Every structure is written in structure tokens, then in C-alpha cells.
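What follows is a single structure, written as C-alpha cells, with notes after it.
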2 protein chains.
Amino acid sequence: MNSFKEENYLKAIYQLGVIDKENVVGATDLANWLALKPPTVLEKLNSLVTKGLINYNKTDGAILTKKGYEIAINIVRRHRIWETYLYRQLNFSWSEVHEIAEQLEHVNSDKLIDKIYSILGNPEFDPHGDPIPNKRGVLPKSDRRPLSRSVKGCKCVVLGVSHDNEAFLNYLSDLKIALNDKLTVEQIISYDESIRLLNQKKESIIISAKAAEQLLVACLKPNCECKTAN
Amino acid sequence: MNSFKEENYLKAIYQLGVIDKENVVGATDLANWLALKPPTVLEKLNSLVTKGLINYNKTDGAILTKKGYEIAINIVRRHRIWETYLYRQLNFSWSEVHEIAEQLEHVNSDKLIDKIYSILGNPEFDPHGDPIPNKRGVLPKSDRRPLSRSVKGCKCVVLGVSHDNEAFLNYLSDLKIALNDKLTVEQIISYDESIRLLNQKKESIIISAKAAEQLLVACLKPNCECKTAN
DNA sequence: TTTTATTATTAGGATACCCTAACAATTTGT
DNA sequence: ACAAATTGTTAGGGTATCCTAATAATAAAA
Ligand SMILES: [Mn+2]
Ligand SMILES: [Mn+2]
Ligand SMILES: [Mn+2]
Ligand SMILES: [Mn+2]
């Protein structure tokens, strides 16, 4: 059986790999992500190598083996299913679910996860728009992309955020931006790359470049220029 | 924050105290209960003493302080609320819930427990008939007693089991005895103290003395002789 | 009341996780 | 190319958990 700590290491390696596919997942990256020190991480990486859960060397960084990937994607699956359950069945808010799911994801009972997954109707996305792996670990496809990669005039729908960081979620609440909102890109302010949007109520919203990078949307118009612009 | 291990020690000290109020909770008892060795337990007992969570000496054994009791009763509360939730909302069976609740009880979120407690309508007893402490840690009263303490002719209702051990629960299923069943004591077989019962379908059931000690019931007749017989 | 089991404790280790200090290897920027 | 900043590694510890072996204290039996 894998410890709760080990599951978090594998999940972190998975997540850092997803966030930036170019950058190698080094010991320092992981240390920052997990709020630990590099020697601590290195020690664990060596043990994960011994257990055949990752491959590791300085140039390639940490890479999950098939076995390690399966564990990691399963934890991600549990996390997102619990977030969805907490949000939809237990009426927790968008920004509360992550913390609790961080704990619930380590509860080891396939039957329990299967049950709540089925109660939810086998959802494909969690409350932050993150894809939920199915039982075989396969992620649903979606054409989510950062709002920052939009062209003027694009009409899109909010599908999620790239990190479910509580501060950011509350920031969005302040801007009155919620999941599934339809937004129109009115202007891209060249000075600082911030974006002026129009919501469904025709209210004007200005979102910073940084926030626009973390807000994930999908174009609504079939042939939106956003798709070819990048 | 208390670790998951520490919570289990405190819960074990509480439980061993409830099971047998005469017997002192010694290091060896705890070691057997927790499947650990006495020196391991002793080490932890010393640390719990240092933290002010228990008092301990050879003659009195381990005794929870107010602080330790509050933690223990809260874990018991979480355990029983989760068992009830798993049983009633997620359709787990009587015998499945304990194992999963052993994990869920350590999830630290008052809001989560409050929510499921409220969804369940603030239940007073879990699926095994165990009393659920309220938010202030107060246990509901009940006149549950072992079936073994019955007189012939007693009509009683099954309210629970004294240990929610999976093997025993399955044994009861085999005997077709379930929670809330109404049973009549037909005969107490003096040879081995086993008990012949009649269920609602007038089927005859023989239950061993050992099982009768673990099966908790309450008399249905207002002035049942069981009450005065003991 | 001796002898015999049971408990309680101590001593000495092992493993999982974490850290600081110090050094080596790279990468960056000039 | 060279100094500076960033990363990767080793060395040496510390705490929490657990264990076996051995010893001391008690309790139970004979
Ligand atoms: Mn999350
Ligand atoms: Mn999420
Ligand atoms: Mn239980
Ligand atoms: Mn129970």
C-alpha cells in the first residue's frame, strides 16, 4: 500500500508535468510545489525510483513510469470526483472543495469512489472545469484554453481555471465571473495585455493578463479566429 | 494538529474503557487492540501523557484527560456519522461501512461532518445501533443491552451489536437477523446458554451464547421481566 | 509460598520523512 | 569566457512509528 505522502509526490509529479510539458520536473520544482526542501524530495525520488514508480535523472527530471502514472491519475481522479460530489451533492462552494478533496482523495475504497461517481452520473469535468479521468484513467477531450489566447470579438464560455487556487477563485467571484458564463472579448489592451470583457448582462469587466492566463475558456463560434490565431 | 495515529490511540483508549469499565486499559490491552507491540504502545502513551491527553500509570492504566476525551469522542462521532451516511445515503451494507469509516473519520473538516450530519437529520444511532455523540460530545441515552441478558418469553427489538466486527455482522446475516428485527425469546438452553428465538416470520433461530452477548436489544414490553432479572 | 505466567519497561535498532549546511554541477548574464 | 545565480547532491541530524530481546514487576497457580 502507498502512503498518503507517496501519493502526493506522484500526484505532484503528474501535475507539474501537465502544467508545463517543456520544463523538466526537477527536485527543486517539486520542493517548491510541495513546500519541502530539495534534499527531502531527492530522498523520496530515489525511493520512488527503487519502487519502479518513476524514472529520474538530472537532465530529464522525474518521469512517471506506467505503474507510477496509474497511481497518480487515480489520485487525480478521486480528487476531482470528490470535488464534484462536494460541490453538487453537499453544496460546498467552488472555492471550498479543493482543500477537503485533498484529504478525501487518499481514502482508499474503490467501491466508495465508484458509488459517488455513479451518483453524479459519471461526470467528465469537476467544478473547476478540470477533466475527470474515467475508471481506466482516460481523460475526456476538451478544447479548453486560456482566455489570454483570445482574439478581439471572440465569444467564449468559462470552463474552468488552470489552478484551483482559492485566492484566484475568490478573485473571480469578485469579478462576477462564474463557471459556464458566456463572455465576449471586447478589447485586448495592448499596454498590459489585460482584457476587457462583456458578460451576459452586458456589464464590462477588465481582467488582468495574469488572470486571463489562468482562466480557461472555449470558443462558442464554430470558426472562431482564436483557433487559428495560435 | 493530531496525527491519524494519535487519533486512533485516543479512540482505542476510549473504546477499551467503554467495553469494560472494570478493567484498566493497560499497554498490553492496547497493543492487542491496535495490533502493535507493548513497547510501541508504551512509547506513545508517554508522549500522550506529555501532551496532556491522558494520564497513565501501571495501576490505573491509561485514562483520557478532558482534552484527550474531547478528541476521542469527536473521532467516534465522525466514525458513526460516516457509517450512517454510507449506509443510508450511499447504500453500503451494514457490514461494509466500518472499514471505510475507519478512514473517513480522520478527514478533518467540521463543515463536512456538520453537513452530512444535517443531511441525515442529526441521527442518534449508527447502523450498528451505536450512539452518535452530538456536536457537544454528549451521547444519547438508550436501554440497549445484550440479548444474553434476556428471560424466556421476552419480546425485543434488535438495536445493534457491541462490536461492529465484519465476521459477526455476516454471521447475523446468515441467521437472517437484521437491525430493527423483532425477536421473541422462546427458550434458553441451559446446556450451553444458547438461545432459541422466533423471528417475525415465526422462523426458529438458535443463537450461540457468545453471539447473544454481542447482540444488543431492547425489550418491547413495558414491564418486561428482563429489566428486573439483572 | 514458591513457581509460573502475564505485564510493564528498558535498550537498541530500523524505516519513513523532514531539515540545515556545504559542496558540486549547471545555467545565465554580462 | 567568467562571475553569479540556480540546481542537484551528500553528509549528518531530528522526530514519529514500530520491532525484537532482555529485564523487572505483578498477578495467578499450584
Ligand atoms: Mn482541486
Ligand atoms: Mn478541481
Ligand atoms: Mn464502526
Ligand atoms: Mn458502528
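Every value quoted in this text rests on a predicted model; they were computed, and no experiment measured them. Chain letters run A, B, ... following the sequence lines, proteins first, then strands; residues in each count from 1.
Residues satisfying the side-chain hydrogen bond (donor to acceptor under 3.5 Å, both in side chains) criterion with Lys37(B), sequence neighbours excluded, are absent altogether. With sequence neighbours left out, Lys152(B) forms a side-chain contact (heavy atoms from CB on, under 4.5 Å) with no residue at all. With sequence neighbours left out, the side-chain hydrogen bond (donor to acceptor under 3.5 Å, both in side chains) criterion links Asn46(B) to no other residue.
The side chain to side chain donor-acceptor pair (under 3.5 Å) with Lys11(B) is formed by just one residue from the set His106(B), Glu6(B), Glu102(B); it is Glu102(B).
Contact between Gly137(B) and Ile73(B) at its shortest, heavy atoms only, is O-CG1, 3.7 Å. Closest non-hydrogen pair, Phe125(A) versus Pro131(A), comes out as CD2-CA, 3.6 Å. The shortest non-hydrogen separation linking Asn91(A) to Lys115(B) is O-NZ, 3.3 Å.
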Note to self: Run the side-chain hydrogen bond (donor to acceptor under 3.5 Å, both in side chains) test on His79(A) and Asp126(A) for me, step by step, so that the C-alpha distance in whole Å, both residues' side-chain angles and the decisive distance to 0.1 Å come before the verdict.
What the structure shows: CA-CA 9 Å; His79(A) 180 96; Asp126(A) 80 10; 5.8 Å; no
Next item on the list: Please test Asp110(A) against Lys135(A) for salt bridge (Lys or Arg N to Asp or Glu O under 4.0 Å), starting from the C-alpha separation and ending with a verdict.
Entry: CA-CA 10 Å; Asp110(A) 287 343; Lys135(A) 204 166 181 184; over 6 Å; no
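Running 5' to 3' along DNA chain D, contacts with non-hydrogen atoms of chain B at under 4.0 Å begin and end at dT17(D) to dA25(D).
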Check nucleotides 24-29 of chain C for protein N or O atoms closer than 3.5 Å to its own N or O atoms and list the pairs.
{"residue": "dA25(C)", "atom": "O3'", "partner": "Lys58(A)", "partner atom": "NZ", "Å": "3.2"}

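Of the residues in residues 32-49 of chain B, those lying under 4.0 Å from DNA chain C by heavy-atom distance are Pro38(B), Pro39(B), Leu42(B).
For the pair Leu16(B) CG and dT7(C) C1', the computed distance is 15 Å after rounding to whole Å.
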